[in-house]
Trainee: 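Shown below is the structure under consideration.
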There are 2 protein chains.
Amino acid sequence: MEAADTRQEILIQASRLFKRLGYRATTTREIAKAVNIKQPSLFHHFPNKKAIVEEIFSLSLNEAAVRIENACRTAGPASERLHQYLVWDLSTLHRMPIAMSAIYTGDALKSPELAELAEKLKTFYRSLEDLISQGIRSGEFVDIDPSLGRLMVASITIAHLEYAEEATIEDPDRLAREGADFVLRAFRKT
Amino acid sequence: MEAADTRQEILIQASRLFKRLGYRATTTREIAKAVNIKQPSLFHHFPNKKAIVEEIFSLSLNEAAVRIENACRTAGPASERLHQYLVWDLSTLHRMPIAMSAIYTGDALKSPELAELAEKLKTFYRSLEDLISQGIRSGEFVDIDPSLGRLMVASITIAHLEYAEEATIEDPDRLAREGADFVLRAFRKT
DNA sequence: TAGCTTCCCTATCAAATGATAGGGAGCAAA
DNA sequence: TTTGCTCCCTATCATTTGATAGGGAAGCTA
């Protein structure tokens with residue numbers, strides 16, 4: 001196999017395993033087995049296990065971080081901006097073969113060696129909380145602790161990730177829209 | 001310390017670690033350190049690591065399973081029954097020192113040695129999905145795949161668990177009610 | 001062909017992990 | 001005091017884990 005293909009396959013399989021089992025609990029042997037290579041061959045493509053999770057994380061988070069920041073700064077009702085962001089996030093999620101969703105912290109970010117990634121994620125979280133706060137201040141959203149709101153948004157994203165794993169999805173865009181609608185109904189005052 | 005106290009403390013600390021790191025990734029040494037005993041002393045109270053997670057799981061799940069089954073069989077609007085169940089679940093969660101929420105499967109249930117627990121959880125899930133289906137059929141809820149609905153309910157519960165860990169909660173009952181309201185708004189047709 | 005690089009392999013290591021063996025301090029009953 | 005039990009300890013073990021060393025086959029360039 002081409003090196004680039006193997007590398008990609010490692011990212012795909014590792015992201016699935018990290019998602020299911022968590023970073024610490026996923027062994028390099030399990031990743032290798034899923035990729036159909038032997039364990040030491042992993043280290044031809046990545047210097048260590050940490051580098052794998054870091055790359056997955058960047059792939060998942062970088063664009064999301066830009067988008068949520070834009071959503072914070074754009075004009076218009078917060079509810080619409082949050083909805084738009086969620087539609088993008090969920091539909092991307094359902095399409096990408098590599099997706100830890102970044103938001104899905106699992107255990108990975110609690111280990112000190114990944115503190116740098118954790119910091120990146122916190123910035124993302126702050127933007128998301130900011131957007132929720134905007135909606136609360138404008139009276140669009142129910143009065144909820146923004147950090148709880150952020151956690152619920154993230155957890156619903158995770159629910160979609162898990163759903164994608166066990167169900168076959170015909171229309172990712174429709175599912176993404178429905179997921180965003182679901183979240184927004186929860187946030188909006190009735 | 002009394003044996004019973006130590007045992008209880010092991011369950012409390014282990015449940016917190018399992019929640020944060022996952023079952024596989026949590027080491028017996030970490031549990032012991034949190035309890036302030038040495039690692040081999042754990043095995044005076046529990047035959048092995050699996051026995052710890054099993055007991056936490058039973059404590060978390062047994063009553064919840066009974067309650068959700070009752071909620072399925074009771075008369076009245078599904079939305080009210082789901083709401084009632086969630087208020088109980090969340091307020092229990094915020095009070096219990098030992099709580100993996102059971103729903104929070106993490107990785108634990110994916111390892112074959114815990115297949116029995118996984119089966120128990122599946123029964124619980126079926127009841128929850130059943131209740132959601134009732135709400136959809138009666139026209140109270142939006143038309144959503146019940147298994148996705150179940151995942152979202154579970155994930156919001158997890159969000160509350162995480163929230164409870166980082167924020168100080170003054171009024172667990174109010175928080176539980178607000179959490180249940182949040183979920184129900186998402187499910188109900190507008 | 002010869003030489004070099006790429007990509008995977010087998011063999012192996014040091015550290016970490018779940019679990020066991022066996023001892024000792026405290027305490028209650030006799 | 002003696003006996004026995006409880007609860008924790010230190011020391012240790014076999015296995016698993018992330019990572020390294022070094023070789024071999026395939027393919028490209030000259």
Side-chain angles (χ1 to χ4, degrees), chain A residues 1-57 100 106-117, chain B residues 1-57 100 106-117:
Chain A
M1 202 189 311
E2 286 278 324
D5 293 347
T6 303
R7 198 187 144 84
Q8 180 80 354
E9 191 63 17
I10 290 170
L11 291 172
I12 293 172
Q13 297 301 332
S15 72
R16 298 188 58 202
L17 287 165
F18 290 156
K19 210 165 59 188
R20 286 184 45 178
L21 306 172
Y23 168 67
R24 276 176 70 173
T26 301
T27 69
T28 52
R29 280 167 183 80
E30 283 173 315
I31 298 171
K33 189 160 194 178
V35 178
N36 236 334
I37 59 178
K38 300 298 173 185
Q39 182 255 357
S41 301
L42 285 179
F43 298 95
H44 176 74
H45 302 276
F46 295 91
N48 48 44
K49 187 183 169 188
K50 182 184 152 195
I52 301 177
V53 79
E54 279 175 333
E55 184 151 340
I56 293 171
F57 214 82
M100 193 153 53
D107 59 325
L109 301 168
K110 270 140 189 168
S111 68
E113 55 168 17
L114 294 174
E116 204 182 323
L117 291 185
Chain B
M1 201 185 318
E2 286 277 325
D5 292 347
T6 302
R7 199 187 144 83
Q8 180 80 355
E9 192 63 16
I10 290 170
L11 292 172
I12 293 172
Q13 299 300 333
S15 72
R16 299 189 57 203
L17 287 165
F18 290 156
K19 209 165 59 186
R20 286 186 44 180
L21 307 173
Y23 168 67
R24 276 177 68 175
T26 301
T27 70
T28 52
R29 280 167 183 80
E30 285 173 315
I31 299 171
K33 188 160 194 177
V35 178
N36 235 332
I37 58 177
K38 300 297 172 186
Q39 182 253 0
S41 301
L42 285 178
F43 299 95
H44 175 74
H45 301 276
F46 295 91
N48 48 44
K49 187 182 168 187
K50 183 182 151 197
I52 301 177
V53 78
E54 281 176 332
E55 184 151 338
I56 293 169
F57 213 83
M100 193 154 52
D107 57 324
L109 302 167
K110 271 141 189 168
S111 69
E113 55 169 16
L114 294 173
E116 204 183 321
L117 291 185

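Note: hydrogens, waters and symmetry copies are ignored here, and every other heavy atom, side chains too, is used. Reminder, nothing fancy here: chain letters follow the sequence lines and each chain counts from 1.
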Trainee: Tell me: NE2 of A/H44 to C1' of D/dG18, nearest whole Å?
Mentor: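 Rounded to the whole Å, the gap is 18 Å.
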
Trainee: Between C1' on D/dA19 and NZ on A/K50, what's the gap in Å once rounded to a whole number?
Mentor: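 Taking atom C1' of D/dA19 as the reference, NZ of A/K50 is at 15 Å.
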
Trainee: Mind calculating the distance between NZ (B/K49) and P (C/dA16) to the nearest angstrom?
Mentor: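 Distance check: B/K49 NZ to C/dA16 P gives 16 Å.
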
Trainee: Rounded to whole Å, please give me the gap between CD1 in B/I10 and P in C/dG18.
Mentor: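 These atoms are roughly 14 Å apart.
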
Trainee: With sequence neighbours excluded, what pairs up with A/A51 under the side chain to side chain contact (heavy atoms under 4.5 Å, CB included) test?
Mentor: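 In terms of side chain to side chain contact (heavy atoms under 4.5 Å, CB included), with neighbours along the sequence ignored, A/A51 is linked to A/F46, A/P47, A/N48.
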
Trainee: Applying side chain to side chain donor-acceptor pair (under 3.5 Å), can you list everything that pairs with A/E55, at least two apart in sequence or on another chain?
Mentor: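 Once residues adjacent in sequence are excluded, the partners of A/E55 under the side chain to side chain donor-acceptor pair (under 3.5 Å) criterion are A/R7.
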
Trainee: Take atom NZ of B/K33 and atom P of C/dA16, then tell me their distance rounded to the nearest Å.
Mentor: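 The distance from NZ of B/K33 to P of C/dA16 comes to 12 Å, rounded to the nearest Å.
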
Trainee: Do A/I37 and A/H44 have side chains that approach each other closer than 4.5 Å (heavy atoms only, starting at C-beta)?
Mentor: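 Of all side-chain heavy-atom pairs linking A/H44 with A/I37, none is under 4.5 Å.
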
Trainee: Expressed as a whole number of angstroms, how long is the span from A/L21:CG to D/dT17:P?
Mentor: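 Whole-Å distance recorded here is 11 Å.
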
Trainee: Of all the choices, D/dT6, C/dT17, C/dC7, which nucleotide is nearest to the side chain of B/T27 once you look at every atom?
Mentor: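 Among D/dT6, C/dT17, C/dC7, the one nearest the side chain of B/T27 is C/dT17.
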
Trainee: Look at the side-chain N and O atoms of B/H45 and state whether any lies under 4.0 Å from the OP1 or OP2 oxygen of D/dC8.
Mentor: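 Answer is yes, contact under 4.0 Å.
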
Trainee: Relative to the 5' end of DNA chain D, which residue comes earlier, A/P47 or A/E30, by the nucleotide with the nearest heavy atom?
Mentor: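 Closest to the 5' end, via its nearest nucleotide, is A/E30.
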
Trainee: Is it possible for you to check whether B/K50 lies under 6.0 Å from the centre of the six-membered ring of B/Y23, through NZ or CZ, and within 45° of that ring's axis?
Mentor: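 Judged by the rule (NZ or CZ under 6.0 Å from the ring centre, within 45° of its axis), B/K50 is not positioned above B/Y23.
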
Trainee: What protein N or O atoms touch nucleotides 10-15 of chain D N or O atoms at under 3.5 angstrom, if any, and at what distances?
Mentor:
none

Trainee: Say whether, by atom type as modelled, one donor and one acceptor occur between the side chain of B/T26 and the main chain of B/L17 under 3.5 angstrom.
Mentor: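 A pair under 3.5 Å: yes.
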
Trainee: Output the rounded distance in Å from CG (A/L17) to P (D/dG18).
Mentor: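 After rounding, the gap between these two atoms is 12 Å.
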
Trainee: Does C/dC7 have OP1 or OP2 sitting under 4.0 Å from an N or O in the side chain of A/T6?
Mentor: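 No, outside the criterion.
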
Trainee: Below 4.0 angstrom from OP1 or OP2 of D/dT17, is there any side-chain N or O of A/T28?
Mentor: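 No, no such contact exists.
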
Trainee: If a pair satisfies side-chain hydrogen bond (donor to acceptor under 3.5 Å, both in side chains) and one of its residues is in residues 28-37 of chain B, list it, with sequence neighbours excluded.
Mentor: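 Pairs touching residues 28-37 of chain B that pass the test: A/R24-B/E30, B/T27-B/E30, B/T28-B/Q39.
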
Trainee: Heavy-atom nearest nucleotide on DNA chain C for A/R24 versus A/N36: which residue maps closer to 5'?
Mentor: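 Result: A/N36.
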
Trainee: How many Å lie between CG on B/L42 and P on D/dC9, as a whole number?
Mentor: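 Taking atom P of D/dC9 as the reference, CG of B/L42 is at 10 Å.
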
Trainee: Can you find a pair of side-chain heavy atoms, one from B/F57 and one from B/L114, that are under 4.5 Å apart?
Mentor: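 Heavy-atom side-chain distance check fails, nothing below 4.5 Å.
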
